[in-house]
Amino acid sequence: MSSSSFSPSFLLFFFFFFLSINGQDLIYDTCKTSSQQDANVKLQFCTTSLQAAPASRCADLEGLGMMSIRLTRYNITDTRCYIKHLLKNNTKKLDPYVKSCLKDCFELYSDAILGIKQAMRSYNFKRFLDANVQISSVMDATTTCEDGFKQKKGVVSPLTKKNDATFQLSAITLTIMNIIQNSLK
Ligand SMILES: *[C@@H]1O[C@H](CO)[C@@H](O)[C@H](O)[C@H]1NC(C)=O
Ligand SMILES: *[C@@H]1O[C@H](CO)[C@@H](O)[C@H](O)[C@H]1NC(C)=O
C-alpha cells in the first residue's frame, strides 16, 4: 500500500515538476497536471484563465493557487449576479420549473460566496485541509445547481457554462493545493 504512493511515475512526476519550476512554464505544467487529475479540467481553459490573471507569469505555485481562488470567487460572484438578473428580468416569461431551479441556484451560489471567502482565509493561513473541504463544497454547489435542471425532461440549464467554469477553477485550485501539500511531506 505504502509503496504505491512512491511509484516510479509519481517520483518522475515530481522530478519533472520541480525541474520545470526552475525552467519555464509553471502555468502550463500545473494545468497539465490538473487536467490529468480531473477530466473535467480542460487544459486550454486552465492556461487561458491563469495566464489572464495579473502577474501570474511571475507567480510561484502558492501564488498561482491564490490567483485561482480569486478567479473562482469572481466567477461565483458574477454567476450569482447573473442569476439574480435572470430572475428579475423574466419573472413573467420564466417557466415555473426553471424559475424554482434558478432560485435554488441563487441560494447555492450565495453559500458558495461564503465558502470561497473561507477558503481564501484558510489558504492564506496554509490550512490546506480546510480549504480543500470548503472548495469541494463549492464544487458540489455547482453540480447540485446544474443537476436541478436535469431533473425535468426538455429543460435546458441557462447556467451550464458558468457552473462548468466555477467547477473547473475550483478543481484547478484543488490540484495546486495537492501539489503544495505533497511537496511539504
Ligand atoms: C469564469 O472564469 C473564467 C476564467 O477566468 C472566465 O473565462 C469566465 O468568463 C468566468 N465566468 C464568469 C461567469 O464569471
Ligand atoms: C436584464 O435586463 C437588463 C436591462 O434590460 C440587461 O442589460 C441585462 O443584460 C439583462 N440580464 C440578463 C441576465 O438577461
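Position 1 is the first residue of the sequence; numbering continues from there. Whatever order the structure lists them in is the order used to number ligands and atoms, beginning at 1. These numbers come from a predicted model, not from an experiment.
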Counting each atom of ligand 1 from 1 as listed, which ones have a heavy atom of [X] under 4.0 Å away?
X: S49; result: 4 (C), 5 (O)
X: D78; result: 12 (C), 13 (C), 14 (O)
X: N75; result: 1 (C), 2 (O), 3 (C), 10 (C), 11 (N), 12 (C), 14 (O)
X: T79; result: 13 (C)
X: L169; result: 2 (O)
X: K162; result: 13 (C)

Nearest non-hydrogen protein atom, atom 7 (O) of ligand 1:
F45 CE1, 4.7 Å

Electrostatic pair D147-K150, nearest N-O below 4.0 angstrom:
yes

How long is the gap from CD1 on I176 to CD on Q181, to the nearest 0.5 Å?
12.5 Å

Do the cysteine sulfurs of C145 and C101 sit under 2.5 angstrom from one another?
no

Under 6.0 Å from the OH atom of Y97, do we count more than 12 heavy atoms belonging to anything else shown?
yes

Does a donor on one side chain sit under 3.5 Å from an acceptor on the other, for Y109 and N75?
no

ILVMFWY cluster, F45 and Y28 together (side-chain gap under 4.5 Å):
no

Sub-4.0 Å protein heavy atom near atom 11 (N) of ligand 1:
yes

